[in-house]
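Heads up, the thing below is written out as C-alpha cells.
Source: prediction; values computed, not measured. One is the number of the first residue; the rest follow in order along the sequence.
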Amino acid sequence: MSCGDEHETNCDEVLAEVWLFLDQECNQNRRDLLRQHLDECHPCLAQYGLEEKLKELLARKCGGEQAPHALKARLRDQIRLAVLEQAEVTIESGPGGTSIEVRSTRVERRR
C-alpha cells in the first residue's frame, strides 16, 4: 500500500512494522520515524488504527487465559511422538522391559 506521497519512511515499510511499533519492540529512533510517518500519512494512520483496535480486542478477549492442563499435556505428547517419528525412533514396552531402536537419520541445516 502506498498513499502516493513522498515520506522519509515508505508506507509499505511502516505497515510491515506496525506490530513492532504497537508492541514497542523497535528502538526509539525507529519508533520516532514510524510515529512521524503515521502523523503525516492518513491512510497509514487509518490502517494503524485498525491494527491497534484489533490488538486491543484480542488482548481483552483472550488476555490472561491459559490452556487447560490436559490440553497442554496432550500437545506435549503429540509433539514428542512427532519428533520421535521424524527421528525414526521406535520405543516398545513389554514384560521384559523397554526397547528403543534408533535408525540413523542425517539432518542438515541450511542457511
- [ ] State whether a side-chain donor-acceptor pair under 3.5 Å links Gln28 with Asp32.
- [x] yes
TODO: Over all heavy atoms of both residues, which pair between Cys26 and Leu34 is shortest? Give the atoms and the distance, please.
DONE: SG-CD1, 4.2 Å
TODO: Would you give the length of the straight line joining atom CZ of Arg31 to atom CG of Leu20, rounded to the nearest 0.5 angstrom?
DONE: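 That separation rounds to 10.0 Å.
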Open item on the list: As an exercise, state the distance from CZ of Arg74 to CG of Asp77, rounded to the nearest 0.5 Å.
Closed with: 9.5 Å
Open item on the list: Is there a side-chain contact between Pro43 and Cys11 in this structure, where contact means two heavy atoms from C-beta onward sitting under 4.5 Å apart?
Closed with: no
Open item on the list: Restricting to salt bridge (Lys or Arg N to Asp or Glu O under 4.0 Å), what partner residues turn up for Glu25, sequence neighbours left out?
Closed with: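 Testing Glu25 for salt bridge (Lys or Arg N to Asp or Glu O under 4.0 Å), a comparison that skips the adjacent residues, returns none.
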- [ ] Scan for salt bridge (Lys or Arg N to Asp or Glu O under 4.0 Å) pairs involving residues 36-48, sequence neighbours excluded, and state none if there are none.
- [x]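 Residue pairs with at least one partner in residues 36-48: Arg35-Asp39.
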- [ ] Output the rest of the hydrophobic cluster of Leu75: all Ile, Leu, Val, Met, Phe, Trp and Tyr residues reachable through side-chain heavy-atom contacts under 4.5 Å, sorted by chain and number.
- [x]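 Leu71, listed by chain and number.
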